[in-house]
Trainee: 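Structure in structure tokens, see below.
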There are 2 protein chains.
Amino acid sequence: MTTTTSPEAAARLVGDGADCCEPQPGTAPLEAEPAAELAAKFKALGDANRLLLLAMIASGESAEACVCDLTGPLGLGQPTVSHHLKILVDAGFLTREKRGTWSYYSVVPGALSELCAELCKESALGGLMDAPSCD
Amino acid sequence: MTTTTSPEAAARLVGDGADCCEPQPGTAPLEAEPAAELAAKFKALGDANRLLLLAMIASGESAEACVCDLTGPLGLGQPTVSHHLKILVDAGFLTREKRGTWSYYSVVPGALSELCAELCKESALGGLMDAPSCD
DNA sequence: TCAATATATCGACGAATGTCAATCTAGCAG
DNA sequence: CTGCTAGATTGACATTCGTCGATATATTGA
């Protein structure tokens, strides 16, 4: 703002009157739109019951399960499980196939790994991924 | 849930009176506790502004930034940015170092990749990660 | 056709979340 | 010591979220 120059700004400007809070346009390498999409996916994973649902579905032999198989172990009501499953479907982690009276939910194969990959590619977040993760 | 056997249950039991919704203990490979921890981290990433904050901090030369550098580009108030940064710190994605008047936030190097790795290791979710993700 | 069942949808309610204005706490400069 | 500034904390508010009960839809079986 006026006098107390931040160390960083001082290092760049050496001057005095410049404050440390300039907009610095173009600095953020991650745009708002992809950030929102990424956040939506993370938000879908940001619930313990949904993670458990994913794990339970994936752990099955056929990697699919109907709602009635998932309601009991979680201790949640059927509408709630249906709701969570819908969120996971909307986020692209599950697919729903209706066979007869039952709805079979199965895992979208590369969804999670793709999310991981996006984390690495998208913007400077790649700098955070120095350790080998999924191999 | 008394008579109409679900296909899967029918395939396993062949009987008749068994319903499809038995608790099936020990079926879920992902326990509730680690699921909650994972969910907490995902929840921290489930906000576009927080992802942008992470990206902005990581993109800097020194991979650190003070609050005043982050407030402007996001169009958020200072308390809000502080709040988001605290969430990211609590989740283990950022660290805070106070130098003089300024608080410098920097990225925890392996945090994101470790999260990716946990996704692969933890339980049957590994089955979802068939594509090479972070290399 | 009619009853039963699996699932989805709706409405409601309490809890959590994102945001801001106002205030509080510390360092720094004079 | 007295302002001034960077940042954290508090309180309030609207919105979203997770959950449930009740209901609607569709499919199977008699």
Side-chain angles (χ1 to χ4, degrees), chain A residues 1-10 16-21 35-36 39-40 42-53 64-72 74-91 94 96-105, chain B residues 1-10 16-21 35-36 39-40 42-53 64-72 74-91 94 96-105:
Chain A
M1 5 335 257
T2 46
T3 47
T4 57
T5 47
S6 97
E8 226 177 89
D16 52 358
D19 56 20
C20 68
C21 305
F42 282 126
K43 197 176 297 184
L45 297 178
D47 181 278
N49 285 327
R50 284 199 286 271
L51 289 182
L52 290 173
L53 281 173
E64 68 177 13
C66 62
V67 177
C68 60
D69 289 327
L70 305 169
T71 312
L74 280 185
L76 295 176
Q78 173 264 316
T80 304
V81 172
S82 242
H83 177 231
H84 284 313
L85 290 173
K86 175 175 171 54
I87 289 177
L88 288 172
V89 168
D90 289 346
L94 290 180
R96 186 175 70 179
E97 183 193 359
K98 202 161 185 189
R99 286 204 299 271
T101 309
W102 290 274
S103 284
Y104 287 90
Y105 288 86
Chain B
M1 36 118 122
T2 44
T3 48
T4 57
T5 47
S6 96
E8 227 178 88
D16 53 355
D19 56 22
C20 70
C21 306
F42 282 126
K43 199 176 296 184
L45 298 178
D47 182 279
N49 286 326
R50 283 199 286 272
L51 288 182
L52 291 172
L53 281 173
E64 67 178 14
C66 61
V67 177
C68 60
D69 289 326
L70 306 168
T71 311
L74 280 186
L76 295 176
Q78 174 264 317
T80 301
V81 171
S82 243
H83 177 232
H84 284 314
L85 291 173
K86 176 176 172 53
I87 289 177
L88 288 172
V89 168
D90 290 345
L94 290 180
R96 184 175 72 180
E97 184 193 359
K98 200 159 187 192
R99 286 203 300 269
T101 310
W102 291 272
S103 284
Y104 287 92
Y105 287 86

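So you know, we letter chains A, B, ... as the sequences are listed, proteins then strands, and number each from 1.
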Trainee: Taking only the side-chain heavy atoms of B/Ser103 (C-beta and beyond), determine which of C/dA6, D/dG18, D/dG7 contains the nearest atom.
Mentor: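 When the side chain of B/Ser103 is considered, D/dG7 is the closest of C/dA6, D/dG18, D/dG7.
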Trainee: To the side chain of A/Thr101, which of D/dT28, C/dG18, D/dG7 is closest?
Mentor: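 Minimum distance to the A/Thr101 side chain belongs to D/dT28.
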Trainee: Using 0.5 Å steps for rounding, measure from the NZ atom of A/Lys43 to the CG atom of A/Leu45.
Mentor: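 One finds 12.5 Å between NZ of A/Lys43 and CG of A/Leu45.
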Trainee: Taking all non-hydrogen atoms of both residues, which atom of A/Ala65 and which atom of A/Leu70 are closest, and how far apart?
Mentor: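 It is CB-CD2, 4.0 Å.
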Trainee: With a 4.0 Å limit, can you tell me whether B/Arg50 has a side-chain N or O closer than that to the phosphate oxygens OP1/OP2 of C/dG18?
Mentor: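 Checking C/dG18 against B/Arg50, a side-chain N or O does come within under 4.0 Å of OP1 or OP2.
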Trainee: Which value, rounded to the nearest 0.5 Å, describes the distance between B/Asp69 atom CG and B/Trp102 atom CH2?
Mentor: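 Atom-to-atom, B/Asp69:CG and B/Trp102:CH2 are 10.5 Å apart.
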Trainee: So do the side chains of B/Val67 and B/Gln78 get within less than 4.5 Å of each other, counting heavy atoms only?
Mentor: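 Yes. Closest side-chain heavy atoms under 4.5 Å.
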Trainee: Show the nearest heavy-atom pair for residues B/Leu51 and A/Ala35, with the distance to one decimal.
Mentor: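 Shortest heavy-atom separation between B/Leu51 and A/Ala35 comes out as CD1-O, 3.5 Å.
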Trainee: B/Asn49: what forms a side chain to side chain contact (heavy atoms under 4.5 Å, CB included) with it, not counting sequence neighbours?
Mentor: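 Counting only residues at least two positions away or on another chain, B/Asn49 forms a side chain to side chain contact (heavy atoms under 4.5 Å, CB included) with B/Asp47, B/Leu52, B/Leu74, B/Leu76, B/His84.
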Trainee: Can you tell me how far C1' of D/dT19 sits from CG of A/Leu74, to the nearest Å?
Mentor: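 Atom-to-atom, A/Leu74 to D/dT19, this comes out as 13 Å.
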Trainee: Any N/O pairs under 3.5 Å between the protein and nucleotides 19-22 of chain C? List them or say none.
Mentor:
residue: C/dT19; atom: OP1; partner: B/Asn49; partner atom: ND2; Å: 2.8
residue: C/dT19; atom: OP2; partner: B/His84; partner atom: NE2; Å: 2.2
residue: C/dC20; atom: OP2; partner: B/Gly77; partner atom: N; Å: 2.9
residue: C/dC20; atom: OP2; partner: B/Thr80; partner atom: OG1; Å: 2.9

Trainee: Roughly how many Å is it from CD in A/Glu64 to P in C/dT7, rounded to a whole number?
Mentor: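 Distance check: A/Glu64 CD to C/dT7 P gives 12 Å.
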Trainee: Quickly work out the A/Asp90 CG to D/dC17 C1' distance and round it to whole Å.
Mentor: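 Rounding to the nearest Å, CG of A/Asp90 and C1' of D/dC17 are 15 Å apart.
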Trainee: Closest approach of B/Ala44 and B/Arg50, non-hydrogen atoms and distance?
Mentor: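 So the two residues come closest at O-NE, 2.6 Å.
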Trainee: Of the candidate nucleotides D/dA6, C/dT9, C/dT7, which contains the atom at the shortest distance from the side chain of A/Cys68?
Mentor: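 Of all the options, the side chain of A/Cys68 is nearest to C/dT7.
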Trainee: Can you tell me the distance, in whole Å, between the CZ atom of A/Arg96 and the C1' atom of D/dA26?
Mentor: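 The distance from CZ of A/Arg96 to C1' of D/dA26 comes to 12 Å, rounded to the nearest Å.
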Trainee: Go through D/dT9, C/dT7, D/dA6 for me and flag the one nearest to the A/Val67 side chain.
Mentor: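 That would be C/dT7.
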Trainee: Looking at every heavy atom in both B/Ala48 and A/Ala39, which two are closest together, and how far apart are they?
Mentor: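 Reported closest heavy-atom pair: N-CB, 3.3 Å.
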Trainee: When you check every protein heavy atom under 4.0 Å of nucleotides 11-16 of chain C, what one-letter string (B, S, -) results, 5' to 3'?
Mentor: ------
Trainee: Could you state the atom-to-atom distance from CG of B/Asp69 to P of D/dA6 in whole Å?
Mentor: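 It works out to 11 Å between those atoms.
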Trainee: Return the value, rounded to whole Å, for the distance between atom CZ of B/Phe42 and atom P of C/dT17.
Mentor: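 These atoms are roughly 17 Å apart.
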Trainee: Let me know, please, whether A/Lys98 or B/Leu85 comes out on the 5' side of the other along DNA chain D by nearest nucleotide.
Mentor: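 Mapping each residue to its closest nucleotide by heavy atoms, the 5'-most match is B/Leu85.
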Trainee: Under the rule for salt bridge (Lys or Arg N to Asp or Glu O under 4.0 Å), what residues qualify as partners of B/Lys86, not counting sequence neighbours?
Mentor: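 Expected list: B/Asp90.
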